[in-house]
Amino acid sequence: MSDALAVWTPSLRVFLRRSLIVGLTTLAVMALFGWGIGAATGFWQILYVGPVLALTYFIVVEDPARWRSVRDNRWYLRSDAVLFHGPEDDVRIPLADITDVRKRLGWSVVLFLKDGQRVRISYVSDPASVMAQILAARDRMLP
């Protein structure tokens, strides 16, 4: 097996940025939903209760659990494959099976495979660089 050309790990900074964006979006949607209910029923307290409950759920339950599930993930780029090493399993994705690589939402890279599957590399610091490295390794391998 060849040495790793690159190694990627989830970044807490990127994860927190994603959490902030998702939290603020959720807050806005819940506030609009609460405003709609308040306007229709006169129960204006929902305008405050809904967003607070949603943010509490994200901050206390969802985000810590999500981070604990991904923080130990490791992705290795080798000359012939992308390897995933997680707490529960290891996966090998041959570079020849990768048809496309795209950046998503500023914190993920998605690998598109020949069989129609998609594999996501999440919370990386520089998704554009990850994408370029994978494509360059694949292009060097293919004729």
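FYI, side chains are in, hydrogens and waters are out, and symmetry mates aren't considered; it's all heavy atoms of this structure.
Residues that satisfy the side-chain contact (heavy atoms from CB on, under 4.5 Å) test with Ala6, not counting sequence neighbours, are Trp8, Leu77, Gln133. A search for salt bridge (charged side-chain N to carboxylate O under 4.0 Å, His left out) contacts involving Arg17 returns nothing, not counting sequence neighbours. In terms of the side-chain contact (heavy atoms from CB on, under 4.5 Å) criterion, residue partners of Ile37 (sequence neighbours excluded) are, by chain and number, Phe33, Thr41, Ile46. Shown here are the salt bridge (charged side-chain N to carboxylate O under 4.0 Å, His left out) partners of Arg18, two or more places apart in sequence or in another chain: Asp63. Not counting sequence neighbours, the partners of Asp89 by the side-chain contact (heavy atoms from CB on, under 4.5 Å) test are Phe84, Val91.
There is a side-chain donor-acceptor pair under 3.5 Å between Arg120 and Ser122.
Contact check on Asp90 versus Arg92 returns no salt bridge, with no Lys/Arg side-chain nitrogen under 4.0 Å from an Asp/Glu carboxylate oxygen.
With a 4.5 Å cut-off on side-chain heavy atoms, Pro87 and Arg74 do not count as touching. The side-chain heavy atoms of Ile134 and Ile121, taken from C-beta on, include a pair separated by under 4.5 Å. Between Trp75 and His85, every side-chain heavy-atom pair lies at or beyond the 4.5 Å cut-off. The side-chain heavy atoms of Trp67 and Ser19, taken from C-beta on, include no pair separated by under 4.5 Å. Here the side chains of Asn73 and Thr9 are not in contact, with every heavy-atom distance at 4.5 Å or above. Proximity of Val82 to Ile98: side-chain heavy atoms (C-beta onward) are separated by under 4.5 Å at one or more points.
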Output side-chain donor-acceptor pairs under 3.5 Å for residues 103-115, partner residues at least two apart or in another chain, one line each.
| residue | atom | partner | partner atom | Å |
| --- | --- | --- | --- | --- |
| Lys114 | NZ | Ala96 | O | 3.1 |
| Asp115 | OD1 | Gln117 | N | 3.1 |
| Asp115 | OD2 | Gln117 | NE2 | 2.8 |

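A single hydrophobic cluster is not seen to contain both Val14 and Val22; linkage of ILVMFWY side chains at heavy-atom distances under 4.5 Å, directly or through other members, places them apart.
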